[in-house]
Amino acid sequence: MASESVFELQRLSHVYVNDKGASLAVENVQLHIAQGEFISLVGPSGCGKTTLLSLLAGLLRPTTGKVLFRGAEVKAPSPKVGYMLQQDYLYPWRSIRDNAAIGLEIAGGKSNRAMAAVDALLVEVGLVGAGRRYPHELSGGMRQRVALARTLATEPEVLLLDEPFSALDLHIKLQLEDLVHGLLKRLGKTAILVTHDLSEAVAMSDRILVLAPNPGRISHELAIPEHVRLLSPMEARKHPDFQELFEQLWRELELGGDGKGRGRDDETTEPG
Ligand code: ADP
Ligand code: MG
């Protein structure tokens, strides 16, 4: 079946079953994600953000409904979909270059040409000359740059980003937001970012989906207007309309999709 969407989620639900019973983590999610779109998922802890990414990645099979990737049902993980997490999971005994190449190695593609591409990617992510160093020699921000190069090395069409900046100091996080946004837009990649940080979502996204918990579902969608969308995250944060967009998103999260206010002390704006 032909599809213009990169991803299409059709009435997607997921139930976790374990010895404590069954729990509905994601209910009836419908969504189209277009080529090149940058989407953020925001919502309180436990509302199903990671579950949704796992369903998109083919790491989990939905209980009901379907995930289509370029029109074909997702049944298993694919190298076309890359995943980047809060923790970098670099191997301490491997050099930066060999860490960045690990996905290629698993895919059987560690040729000289592929390694040259890894070296070029390390330059792209701002790690000039770091290829022979080891993870323990690098800061948290630099390690996430390696993780980004590793994710891009296998040339995925889509990147799933599960809070990749939330453990970083603010100024490092702002630098990485600009790097990731610029690089993915330039390469024409589609991205789905999970974040607790509402300003990050507004600064980076074309479209933001607010999820509500129990069961996890999309309660609101906020499209970022083009004049803000076209800016880099750093520039977007300085735009006069930024604060109003942030407040709109804040209000939607407070409503929580059920009309009941949520407290201002919850964790929707803090990493967690
Ligand atoms: P988020 O990423 O938004 O914090 P998750 O997708 O991790 O949320 O979790 C959604 C819901 O599913 C939560 O209630 C969580 O407790 C539950 N859950 C997540 N993973 C599992 C699992 N492996 N087994 C059982 N329940 C799970
Ligand atoms: Mg999560």
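For ligands, and for the atoms within them, numbers begin at 1 and follow the listed sequence.
Salt-bridge formation is not detected for the pair Asp98/Arg132: no Lys NZ or Arg NE/NH1/NH2 atom is positioned less than 4.0 Å from an Asp or Glu carboxylate oxygen. Between Glu8 and Arg70, none of the side-chain N atoms (NZ, or NE/NH1/NH2) sits under 4.0 Å from a carboxylate O, so this pair counts as no salt bridge. Under 4.0 Å is where a charged nitrogen must lie from a carboxylate oxygen, and between Lys189 and Glu155 no such pair does. Contact check on Glu200 versus Lys173 returns a salt bridge, with a Lys/Arg side-chain nitrogen under 4.0 Å from an Asp/Glu carboxylate oxygen. Between Glu124 and Arg186, at least one side-chain nitrogen of the basic residue sits less than 4.0 Å from a carboxylate oxygen of the acidic one, meeting the salt-bridge criterion.
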Exercise. Check the pair Gln175 / Glu177 against side-chain hydrogen bond (donor to acceptor under 3.5 Å, both in side chains), numbers first and verdict last.
Key: CA-CA 5 Å; Gln175 281 173 0; Glu177 282 177 15; over 6 Å; no

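Listed by atom number, the atoms of ligand 1 under 4.0 Å from Ser45 heavy atoms are 4 (O). Within ligand 1, counting atoms from 1 as listed, the ones closer than 4.0 Å to a heavy atom of Asn18 are 24 (N), 25 (C).
Rounded to the nearest 0.5 Å, atoms CG (Leu176) and CE (Met204) are 9.0 Å apart.
At least one heavy atom of Cys47 lies less than 4.0 angstrom from ligand 1.
The number of heavy-atom neighbours closer than 6.0 Å to OH of Tyr91, taken from other residues, nucleotides and ligands shown, is 12 or below.
Looking only at protein heavy atoms, the nearest one to atom 8 (O) of ligand 1 is Gly48 N, 3.2 Å. The protein heavy atom nearest to atom 22 (C) of ligand 1 is Tyr16 CD2, 3.4 Å. In terms of protein heavy-atom proximity, atom 7 (O) of ligand 1 is closest to Thr50 CB, 3.8 Å.
Neither the backbone nor the side chain of Leu211 has a heavy atom within less than 4.0 Å of ligand 1.
Distance remark: protein heavy atom not present below 4.0 angstrom from atom 15 (C) of ligand 1.
When the options Leu60, Leu55, Thr51, Val194 are ranked by their closest heavy atom to atom 6 (O) of ligand 1, first place goes to Thr51. Here atom 4 (O) of ligand 1 lies nearest to Gly46 when heavy atoms of Gly46, Ser54, Ala25 are compared.
Thr50 lies close to the Mg ion (ligand 2), since one of its N, O or S atoms is found at a distance under 2.8 Å.
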